[in-house]
Structure formats: structure tokens, C-alpha cells
Number of protein chains: 2
Amino acid sequence: MADTGSPGGESLLFLTDEQLRRGIEAMFFAYQGFTADPDRILAERGYGRAHHRAIHFINRRPGANVNTLLAILGVTKQSLNRVLRTLIEDGLVEARVGTRDKRERHLHLTEAGAALETELSTAQRDRMRAAYKAAGPGAVAGFRQVLEAMMDPEALKRYAALRDGGS
Amino acid sequence: MADTGSPGGESLLFLTDEQLRRGIEAMFFAYQGFTADPDRILAERGYGRAHHRAIHFINRRPGANVNTLLAILGVTKQSLNRVLRTLIEDGLVEARVGTRDKRERHLHLTEAGAALETELSTAQRDRMRAAYKAAGPGAVAGFRQVLEAMMDPEALKRYAALRDGGS
DNA sequence: TATTTTATGTCAGCCTTGTTGACATTCCAA
DNA sequence: TTGGAATGTCAACAAGGCTGACATAAAATA
């Protein structure tokens with residue numbers, strides 16, 4: 001707890017422009033930290049954040065097709081496709097042609113892909129765990145509430161669908 | 001408040017892997033929302049997030065030189081330079097040669113630059129304000145605590161320096 | 001004072017990853 | 001069976017990260 005970002009008062013000023021600006025800056029700097037550890041691991045192997053996101057959600061939704069992944073990630077096809085191609089070439093992801101619908105490619109992590117996923121998410125969870133411990137359980141609940149309120153409605157749906165197991 | 005992300009229990013499981021994973025996903029989706037409104041405004045003018053960050057911090061630290069801005073943003077010179085060049089060409093930023101040290105360029109927003117800054121930060125603050133209102137004051141405090149705990153130590157210093165007025 | 005070292009900022013060139021648009025394949029419905 | 005819709009691939013481009021070389025100005029030192 002570093003400051004209130006306010007020049008004088010106390011109680012309701014979490015809605016002052018200055019307070020809001022501090023929240024914006026906190027998001028910016030926190031996101032740098034949030035991605036720092038995975039970025040290091042990825043850089044060693046010549047990958048970027050896009051690879052991380054693909055690996056994360058393929059692990060989360062094994063067997064998802066490309067369109068599903070596109071909807072979750074909110075990027076365009078070619079961005080994802082390029083990343084997928086390298087991951088498949090490198091043997092981290094397997095694309096199985098659909099049996100019912102042969103247009104679909106069902107995506108799975110290989111053993112090597114799962115190993116990288118573990119390495120990445122362990123690093124990111126370690127930082128998250130440390131931050132949660134430092135801030136305490138009450139703070140964590142508030143953190144999650146504000147983040148959810150900040151999402152676009154569509155993103156919130158995708159976020160909820162991940163929890164519910166919806167594909 | 002959508003879920004606890006947990007399969008069964010209640011009290012201490014904000015530290016389970018699943019809970020941590022949900023926090024990671026919340027950060028991902030929330031950051032999309034966080035940048036969505038400014039991104040739209042910027043796209044209209046052919047700018048990107050890098051321009052936004054430069055404008056934000058030049059507004060925050062008028063007269064800062066390029067090196068100071070580099071330290072705040074945590075990017076390399078060329079990334080910033082390219083963005084600064086376009087902003088200067090477009091008349092949004094003014095670079096004044098230092099009087100004491102002629103190597104330095106002191107950066108200021110022009111009137112047009114300040115107008116764009118207001119437009120961008122108003123949009124972003126509006127969303128932040130809505131999220132804060134929806135989550136409530138207690139949640140906001142927790143949100144800020146977790147974000148600060150998530151920053152790298154160097155980033156936390158830069159963040160604090162912005163509050164303190166340090167350059 | 002002259003010269004070397006250090007600091008600031010610019011530029012060229014590379015890579016990742018975002019974009020749009022054209023296309024092949026497959027499925028489905030008229 | 002044929003014409004549209006859906007799925008995924010690919011080419012080409014733009015933004016914005018990166019490193020490294022460089023010009024200029026200031027500061028330190030001989």
C-alpha cells in the first residue's frame with residue numbers, strides 16, 4: 001500500500017481524476033511485471049507473448065478448434081495461425097483433423113508443449129502467489145472484482161466460459 | 001463478482017493453482033478492456049499504444065527529457081524515438097533543446113497534444129471509474145494493493161516517483 | 001588547453017505480431 | 001447437385017519491440 005494518490009482528503013476520493021489516473025498507471029506497471037517472467041522464458045526459445053497465450057488456452061481447452069481459440073484470444077486468424085504453425089513445427093502443439101467436420105483442426109499440447117506450459121505458468125503463478133500473499137485475501141477479492149468490472153462484456157463472457165468449461 | 005474459480009472449498013484457496021490461474025486470466029481479459037477505448041481513438045489517427053504511453057507520461061512529467069521517459073516506459077530508445085518523431089511531426093509534442101545541456105531534448109505537449117491526451121485519458125478514466133463504482137471502495141483498495149505487489153521493484157520505484165513528483 | 005571519456009539522442013535494420021484480403025476445402029441446405 | 005456458409009491457410013503490409021552504430025555535446029583528465 002504505497003499511497004492514495006490524493007493531495008489531501010480521505011474518504012470518497014477514489015473517484016477523483018488523480019486517483020483514477022493512479023489506477024491506470026498501476027495497471028500499466030503491474031502488467032509489465034505480470035508478463036516479465038514468462039517473457040524471459042519465451043525469449044530463450046525465440047517465442048513471444050502470442051505463443052504463450054496460445055499455449056495457455058490450448059492447455060485450458062484441449063481439443064478446441066482454431067475458431068474457438070480466436071474468439072478467446074480476440075485476435076485475427078493470421079496472427080494466431082502464424083504462431084500455431086511454429087508451435088506445430090516445433091512439436092509443441094498437435095493439430096488433429098476433425099472426424100465429424102474435416103474442416104476443423106482440434107488443437108492439443110504434446111508432451112513437450114505441456115512441459116513448456118508448466119514452466120511458463122509456474123513462473124507466472126509464483127509471482128501471482130507472492131502478490132496475493134503480500135496483499136492478503138481481502139485485497140485479492142477486490143482485485144478480482146475490479147478486473148472483472150473492467151472487462152468488455154464479450155471478454156467477460158469468454159472469461160466466464162473458461163470457468164464453466166464451455167467451449 | 002463472478003466466481004471463486006475453485007472446485008469446492010472456501011477459505012484459503014485463493015492460493016490454489018486454479019485460483020491463481022483465474023487471476024492470470026482475469027489480468028489478461030481486463031487488460032484488453034483497459035486498452036480498448038484508447039485504442040479506438042488512437043486508431044482513428046493512425047497511432048498505437050506506444051503513442052498513448054508517450055503522451056500520457058509527457059503530460060505527467062512536462063519537460064522530461066528522452067532518457068527520463070525511457071526509464072519510465074521501460075522500452076528502448078528507438079521504440080520511443082520513432083513514436084516521438086511522429087508526434088513531433090504531427091505537432092502534438094514539442095522538443096525543446098536544453099539550455100544548460102544542449103544534448104537534452106525537453107518534451108512538452110502542444111495544445112493539440114494536450115487535447116488528445118484529454119480525450120484519451122477521459123475515455124480510459126471513464127471505464128476505470130465505472131469499474132471502481134461497480135466494485136466498490138474496498139475492492140479498489142485491494143485492487144491497488146495487488147497491482148503494486150505484482151510490479152517489479154524497479155517499476156514500483158518509477159510508479160512511486162510519479163506520485164512523488166520525482167523526475 | 002587539448003584530448004579522451006561519457007552521456008544524450010538519432011538512425012538503420014531486424015523480428016514479432018497485429019491487420020486485411022484472397023483462397024482452398026468442406027459442409028449443409030435449397 | 002449446386003450454391004452459399006464455415007473453417008482454416010497464406011501473402012503482403014504496418015506498428016512497434018529490439019540491438020548496434022553513430023553524431024554531438026559535455027565533462028574529465030592529461
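With sequence neighbours excluded, no residue forms a side chain to side chain donor-acceptor pair (under 3.5 Å) with A:His52. Partners of B:Asp101 under the side chain to side chain donor-acceptor pair (under 3.5 Å) rule, at least two apart in sequence or in another chain, are B:Arg103. Residues passing the salt bridge (charged side-chain N to carboxylate O under 4.0 Å, His left out) test with A:Glu104: none are found, sequence neighbours excluded. Partners of B:Arg129 by side chain to side chain donor-acceptor pair (under 3.5 Å), not counting sequence neighbours, listed by chain and number: A:Asp17, B:Asp126. With sequence neighbours excluded, the residues that form a side chain to side chain donor-acceptor pair (under 3.5 Å) with A:Thr86 are A:His51.
With respect to B:Glu25 and B:Arg22, a salt bridge is recorded, a charged nitrogen being found less than 4.0 Å from a carboxylate O. With respect to the salt-bridge test (charged N to carboxylate O, under 4.0 angstrom), the residues A:Glu18 and B:Arg60 qualify.
Distance alone, capped at 3.5 Å, places no donor-acceptor pair between the B:Asp152 side chain and the B:Ala155 backbone.
Aromatic ring orientation, A:Phe143 versus B:Phe143: parallel (interplanar angle below 30°, classes split at 30° and 60°).
Pairs passing the salt bridge (Lys or Arg N to Asp or Glu O under 4.0 Å) check and including a residue from residues 73-94 of chain B, sequence neighbours excluded, read B:Glu94-B:Arg96. Here salt bridge (Lys or Arg N to Asp or Glu O under 4.0 Å) pairs that include residues 28-42 of chain B, with residues two or more places apart or in two chains, are B:Asp37-B:Arg40, B:Asp37-B:Arg127, B:Asp39-B:Arg49.
The shortest distance between the side-chain N/O atoms of A:Thr76 and the OP1/OP2 oxygens of C:dT19 is below 4.0 Å. A close approach under 4.0 Å does not occur between any side-chain nitrogen or oxygen of B:Ser79 and OP1 or OP2 of D:dG16.
Between B:Leu80 atom CG and D:dG17 atom C1' the separation is 12 Å, expressed in whole Å. Atom P of nucleotide D:dG8 and atom CG of A:Leu70 are separated by 8 Å, given to the nearest angstrom. Taking atom CG of A:Leu107 as the reference point, atom P of D:dT7 lies 14 Å away to the nearest angstrom. Taking atom CG of B:Asn67 as the reference point, atom C1' of C:dT6 lies 12 Å away to the nearest angstrom.
Within residues 36-54 of chain B, no residue has a heavy atom under 4.0 Å from DNA chain C.
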5' to 3', nucleotides 9-14 of chain D under a 4.0 Å protein heavy-atom cut-off (B base, S sugar-phosphate only, - none) gives BBBB--
N/O contacts under 3.5 Å, protein versus nucleotides 26-30 of chain C?
unit_1: C:dT26; atom_1: O2; unit_2: A:Arg103; atom_2: NH1; d: 3.1
unit_1: C:dC27; atom_1: OP1; unit_2: A:Lys102; atom_2: N; d: 3.0

Considering only nitrogen or oxygen atoms on both sides, find all protein atoms under 3.5 Å from nucleotides 1-3 of chain D and state each distance.
none

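Checked against a 6.0 Å centroid threshold, the rings of B:Phe28 and A:Tyr31 do not count as neighbours.
Checked against C:dG9, D:dT7, D:dC18, the side chain of A:Glu104 finds its nearest nucleotide in D:dT7.
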Under 3.5 Å, side-chain donor or acceptor atoms of residues 111-119 of chain B against the rest of the protein: list the pairs with distances, not counting sequence neighbours.
unit_1: B:Glu117; atom_1: OE2; unit_2: A:Arg21; atom_2: NH1; d: 3.3
unit_1: B:Thr118; atom_1: OG1; unit_2: B:Ala114; atom_2: O; d: 3.0

